[in-house]
Amino acid sequence: MEQLIAIEKDGEIIDLQRAEAEGVDPQSGRPIYFDNSPEALQVIRHSAAHLMAQAIKELYPDAQFFVGPVVDEGFYYDFRTGEKIGEEELSKIEKKMEEIAKRKLPIERYEISKEEAREKFADDDLKQEVLKGIPSERVSIYRQGDWEDLCRGPHLPHTGYLRRNFKLTRVAGAYLGGDENREMLTRIYGVAFADRETLKNHLKMVEEAKKRDHRKLGNELELFIFSEEVGAGLPIWLPKGARLRSKLENLLFKAHRRRGYEPVRGPEILKSELWKRSGHYQNYRENMYFTEICDDETRKESCVEYGIKPMNCVGHIMVYKAKKRSYRELPLKYFEYGVVHRHEKSGVLHGLFRVREFTQDDAHIFCTPDQIKPTVQEVLSFVDEIMGSFDFDYEMEISTKPEKAMGDDEIWEVATEALKEALDGSGRQYGIDEGGGAFYGPKIDIKITDALGRKWQCGTIQVDFNLPERFELEYTDSDNSQKRPVMIHRAILGSFERFIGILTEHYGGEFPFFIAPTQIIFVPIGEAHLPYAQELAERLMEMGVDSEIYGGRESLNKRIRNAEKQRVPLVGIIGDREIENRSIAIRDRREKIQYNLGEKEFLNRIKEKLSEVRF
RNA sequence: GCCCAGAUAGCUCAGUGGUAGAGCACUUCCUUGGUAAGGAAGAGGUCGGCGGUUCAAUUCCGCUUCUGGGCUCCA
């Protein structure tokens with residue numbers, strides 16, 4: 001009963017037009033019907049992109065088109081026009097799309113040679129650009145009505161399939177070919193499904209996800225703010241945010257100590273000479289901030305340039321160099337909650353996810369080459385424990401040598417292999433990001449997704465042979481010879497800022513007890529019950545648990561409502577009954593139930609909750 | 001940095017070429033309440049900043065700061 005729109009054969013989606021042209025028997029592949037299967041959506045969205053392009057062409061006759069692919073969340077088309085396209089134009093384009101869809105234009109396909117295509121689109125430089133990227137000699141063109149475009153397909157049989165089941169979501173700029181040195185085209189994003197109902201549900205889901213946005217929750221829960229007066233990308237931590245953060249810091253501090261890491265601390269600014277030696281000055285300068293210290297303001301010669309640290313490695317190297325090292329000491333693990341400053345381009349700043357000042361849970365491990373693999377594996381299991389404690393799914397990716405890099409290819413090869421081996425040994429799946437490494441070494445990145453499914457890099461493990469070389473690090477080996485250690489840079493959360501942003505979205509503001517900014521709110525029913533609440537609050541404070549008391553003039557219902565709105569794990573109600581038998585009436589957010597606990601039980605329960613996590 | 005939007009009270013948001021409003025929050029008073037908004041009154045805004053057009057700009061234009069969605073980049 002469902003309509004066949006394409007078939008899948010040898011992992012390729014072949015639409016009916018192409019099947020006919022190539023004489024492919026539609027029975028010979030797996031049928032793809034007009035529904036919401038991933039394969040069908042590819043076809044639908046591809047055609048939606050074309051429909052949009054046709055609508056744009058009718059509305060803006062000067063429009064020229066680049067590419068219009070299907071992406072995870074929908075589709076987009078990049079194009080150029082003399083007109084400015086803003087959000088307001090989207091509904092206009094949608095209307096035109098509806099209109100064209102109604103015409104039920106057949107979507108036809110034909111093939112020509114690349115040479116013919118070059119001539120056909122002789123006066124369209126964007127199409128020429130697309131043609132350059134096509135390896136095959138024959139190219140296909142899809143035509144609907146009087147509009148046609150160079151396209152591989154697959155497509156729907158006719159435009160009538162696209163009726164009120166698509167939505168244009170946003171306008172954006174996109175560089176031609178993703179190259180920031182080239183022209184910027186207009187890009188319009190959209191989504192499409194087989195039916196209107198699914199589209200509506202999808203849009204609703206996106207709306208729901210936006211409610212979990214850490215910027216919105218951060219504001220509502222008074223975790224942090226940004227201030228125009230202070231500057232872009234410089235978060236200000238409010239008491240509740242700082243409470244959450246310090247809990248995370250404390251837990252993680254112990255976790256490091258337990259694993260043999262030593263806390264160290266480097267300065268915020270270091271002489272530029274040192275950044276030249278490390279290579280940051282040459283390779284990372286555009287991301288750094290600099291300042292000068294002058295002995296004599298009137299004499300320029302007395303000024304020395306300092307760089308504000310964008311990374312903590314140089315400081316840790318100085319710790320290593322503080323004395324002569326023996327192989328017996330290795331691996332040496334130094335860690336620091338290092339505050340770093342990076343000049344991020346204004347357009348990339350994004351709540352706590354991308355800021356200009358942030359604190360990394362950074363560590364540098366100095367080890368022998370033989371220790372690389374076990375050390376990386378140990379770090380990987382550390383990562384696993386932390387992520388597991390927060391129920392995070394994460395992805396890992398190896399990033400290889402970037403264009404702007406220092407060190408020999410050979411060294412890079414060895415380091416990259418070491419990472420791969422460690423990962424292979426751990427049995428974990430991982431992807432590869434060619435050219436995505438740091439300038440001093442390859443890395444394993446740990447990525448977590450936010451409420452909207454966007455991926456953010458959090459933890460990172462980097463193998464570095466370059467900095468030990470540049471700083472001539474040495475240790476005395478068992479044969480009394482001087483050897484060069486390897487440096488492993490690693491962060492597990494990545495930065496507290498980004499990690500807390502992700503945590504906020506992950507939990508929708510309902511933080512687990514052990515890190516919740518306020519772990520319990522007491523609501524004494526009347527004034528007489530206040531002292532007992534205060535007594536409990538003090539006991540909890542001794543245990544390192546933050547509580548608040550919502551007493552005062554407001555009605556009981558209102559105070560309970562306000563307490564719940566704070567999304568605290570526990571709300572404790574205290575009235576005559578509770579005082580009489582030294583108990584607390586608890587509203588448990590996670591269990592979604594209410595129960596009564598005697599004081600002792602209550603304190604025990606709190607202890608249990610605190611020890612739920614240990615990493 | 002680039003493209004496209006936006007900025008009105010602490011927060012969420014209406015609104016207008018004739019210098020502004022709501023709800024919540026805040027202050028005061030009444031209410032002392034057993035599980036998600038008790039009542040009344042009040043205070044609070046150079047309508048992000050700087051210029052321009054105009055008799056008159058929060059409103060129109062330009063620049064700037066900040067924010068949002070992307071691109072590029074990245075913890």
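Numbers restart at 1 for each chain; the letters A, B, ... are given by sequence-line order, proteins then strands.
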Practice task
For the residue pair H50(A) and Y77(A), categorise the inter-ring angle as parallel (less than 30°), tilted (30 to 60°) or perpendicular (more than 60°).
Solution key: tilted
Problem - Pair assignment for C50(B), Watson-Crick or G-U wobble, requiring both distances under 3.5 Å - result: G62(B)
Exercise for the section: With a 3.5 angstrom cut-off on both distances, give the Watson-Crick or G-U wobble partner of G34(B), or none if there isn't one. Expected result: none
Problem - Listed nucleotide nearest any side-chain atom of R559(A), set C11(B), G33(B), C71(B) - result: G33(B)
Exercise for the section: Please work out which of the three classes, parallel, tilted or perpendicular, describes the rings of F496(A) and Y337(A), given edges at 30° and 60°. Expected result: perpendicular
Fill in the blank from the handout: With the side chain defined as heavy atoms from C-beta on, V348(A) is closest, among G38(B), C71(B), G34(B), to C71(B)
Fill in the blank from the handout: Rounding to 0.5 Å, atoms CD (E527(A)) and CZ (R553(A)) come to a distance of 10.5 Å
Exercise for the section: Using a heavy-atom cut-off of under 4.0 Å over every strand shown, decide if Q360(A) touches base, sugar-phosphate, or nothing. Expected result: sugar-phosphate
Completion exercise
Between the CD1 atom in I573(A) and the CD1 atom in I560(A), the distance rounded to the nearest 0.5 Å is 4.0 Å
Handout entry: Contact residues, residues 566-577 of chain A to RNA chain B [heavy atom, < 4.0 Å]
Key = I573(A), G575(A), D576(A), R577(A)
Handout entry: Non-hydrogen side-chain atoms of F358(A) and L352(A) separated by less than 4.5 Å
Key = no
Exercise for the section: Return the nucleotide paired to C73(B): Watson-Crick means purine N1 to pyrimidine N3 with N6-O4 or O6-N4, wobble means G-U with N1-O2 and O6-N3, both under 3.5 Å. Expected result: none
Exercise for the section: For F358(A) and A75(B), say yes or no: do the ring centres fall under 5.5 Å of each other while the ring planes differ by less than 30°? Expected result: yes
Exercise for the section: Pick base, sugar-phosphate or nothing for G233(A), based on heavy-atom distances below 4.0 Å to the nucleic acid. Expected result: sugar-phosphate
Exercise for the section: Indicate whether any N or O donor in one side chain lies under 3.5 Å from an N or O acceptor in the other, for Y532(A) and E599(A). Expected result: yes
Problem - Any K84(A) side-chain N or O less than 4.0 Å from OP1/OP2 of C4(B) - result: yes
Practice task
Output the single nucleotide from U35(B), C74(B), C4(B) whose closest atom is nearest the side chain of R342(A).
Solution key: C74(B)
Practice task
Indicate whether any N or O donor in one side chain lies under 3.5 Å from an N or O acceptor in the other, for K309(A) and N312(A).
Solution key: yes
Problem - d(OH, Y394(A); P, A75(B)) in whole Å - result: 18 Å
Exercise for the section: Describe the nucleic acid contact of E497(A) in one word from base, sugar-phosphate, nothing, applying a heavy-atom distance below 4.0 Å. Expected result: nothing
Completion exercise
The Watson-Crick or G-U wobble partner of G17(B), with both key distances under 3.5 Å, is none
Problem - Nucleotide nearest R187(A) when distance is taken to its side chain, options G70(B), C4(B), G34(B) - result: G70(B)
Fill in the blank from the handout: Contacts of E180(A) and H350(A) projected onto RNA chain B by closest heavy atom; the upstream (5') one is H350(A)
Practice task
Could you tell me whether the side chain of E578(A) has a donor or acceptor atom within less than 3.5 Å of a complementary atom in the base of G34(B)?
Solution key: yes
Problem - Distance test, side-chain N/O of S555(A) to OP1/OP2 of G38(B), below 4.0 Å - result: yes
Problem - Parallel, tilted or perpendicular, as decided by the 30° and 60° cut-offs, for the rings of F79(A) and F65(A) - result: tilted
Practice task
May I ask you to decide if the ring planes of H202(A) and F193(A) are parallel, tilted or perpendicular, using 30° and 60° as cut-offs?
Solution key: tilted
Practice task
Kindly say if R553(A) contacts the phosphate of C30(B), meaning a side-chain N or O under 4.0 Å from OP1 or OP2.
Solution key: no
Handout entry: Test side-chain contact (heavy atoms from CB on, under 4.5 Å) applied to I444(A) - qualifying residues, sequence neighbours left out
Key = V376(A), M396(A), I398(A), L419(A), L423(A), I461(A)
Practice task
Return no unless some side-chain N or O of K558(A) is found under 4.0 Å from OP1 or OP2 of U31(B).
Solution key: no
Problem - Selected nucleotide, minimal atom distance to R589(A) side chain, candidates A36(B), U32(B), C4(B) - result: A36(B)
Handout entry: Separation of atom CD in E88(A) from atom P in A5(B), rounded to whole Å
Key = 8 Å
Problem - Members of residues 307-315 of chain A that approach RNA chain B, where some heavy atom sits under 4.0 Å away - result: none
Practice task
Could you tell me the separation between the CD1 atom of I225(A) and the P atom of A7(B), rounded to a whole number of Å?
Solution key: 21 Å
Practice task
Describe the nucleic acid contact of G526(A) in one word from base, sugar-phosphate, nothing, applying a heavy-atom distance below 4.0 Å.
Solution key: base
Problem - Separation between the C1' atoms of U8(B) and G45(B), rounded to whole Å - result: 8 Å
Handout entry: Nearest-angstrom distance from the residue atom CZ of R215(A) to P of U12(B)
Key = 13 Å
Practice task
Using a 4.0 Å heavy-atom cut-off across all strands, classify S346(A) as base, sugar-phosphate, or nothing.
Solution key: base
Practice task
Indicate, with a heavy-atom threshold strictly under 4.0 Å, whether R170(A) touches base, sugar-phosphate, or nothing.
Solution key: sugar-phosphate
Exercise for the section: Select base, sugar-phosphate, or nothing to describe what Y76(A) touches, counting heavy atoms under 4.0 Å on all strands. Expected result: nothing
Exercise for the section: Rounded to the nearest angstrom, tell me the gap between atom CZ in R561(A) and atom P in A37(B). Expected result: 6 Å
Practice task
Check whether the side chains of E578(A) and S583(A) place a donor and an acceptor atom closer than 3.5 Å, and report yes or no.
Solution key: no
Exercise for the section: Show your reasoning for whether ring-ring contact (aromatic ring centres under 6.0 Å, His included) applies to F366(A) and H316(A). Expected result: CA-CA 10 Å; F366(A) 298 85; H316(A) 294 189; 7.9 Å; no
Practice task
Quick one: label A585(A) by what it contacts on the DNA or RNA (base, sugar-phosphate, nothing), any heavy atom closer than 4.0 Å.
Solution key: base
Practice task
For R182(A), report the nucleic acid contact type (base, sugar-phosphate, nothing); a contact means any heavy atom under 4.0 Å.
Solution key: nothing
Exercise for the section: Let me know, please, whether C458(A) or N219(A) comes out on the 5' side of the other along RNA chain B by nearest nucleotide. Expected result: N219(A)
Practice task
Report which part of the nucleic acid A232(A) touches: base, sugar-phosphate, or nothing (heavy-atom distance under 4.0 Å, all strands).
Solution key: sugar-phosphate
Exercise for the section: Tell me yes or no: between the side chains of T449(A) and R454(A), is some donor less than 3.5 Å from an acceptor? Expected result: no
Practice task
Using a 4.0 Å heavy-atom cut-off across all strands, classify E229(A) as base, sugar-phosphate, or nothing.
Solution key: nothing
Problem - Rounded interatomic separation in angstrom, taking CD from E73(A) and C1' from G70(B) - result: 14 Å
Exercise for the section: Remember a base hit wins even if backbone is also touched, and classify Q457(A) as base, sugar-phosphate or nothing at under 4.0 Å, heavy atoms. Expected result: sugar-phosphate
Practice task
Could you tell me which nucleotide pairs with U12(B) by Watson-Crick or G-U wobble geometry, both distances under 3.5 Å, or answer none if nothing does?
Solution key: A22(B)
Handout entry: Under 4.0 angstrom between R454(A) side-chain N/O and G69(B) OP1 or OP2
Key = yes
Handout entry: For atom CD1 of I236(A) and atom P of G10(B), their distance in whole Å
Key = 16 Å
Exercise for the section: Name the nucleic acid region contacted by E228(A), choosing base, sugar-phosphate or nothing; use a 4.0 angstrom heavy-atom cut-off, strictly under. Expected result: base
Practice task
For U28(B), give its Watson-Crick or G-U wobble partner with both distances under 3.5 Å, or none.
Solution key: A40(B)
Problem - Aromatic ring pairing F392(A)/H506(A), orientation class (parallel under 30°, perpendicular over 60°, tilted between) - result: tilted
Problem - N/O donor-acceptor pair, side chain R498(A) with base C74(B), under 3.5 angstrom - result: yes
Exercise for the section: Check whether any side-chain N or O of H529(A) sits under 4.0 Å from OP1 or OP2 of G34(B), and answer yes or no. Expected result: no
Completion exercise
Atom CD of E344(A) and atom C1' of G70(B) are separated, to the nearest Å, by 17 Å
Exercise for the section: May I ask you to say what K443(A) touches in the nucleic acid, namely base, sugar-phosphate or nothing, with a heavy-atom cut-off under 4.0 Å? Expected result: sugar-phosphate
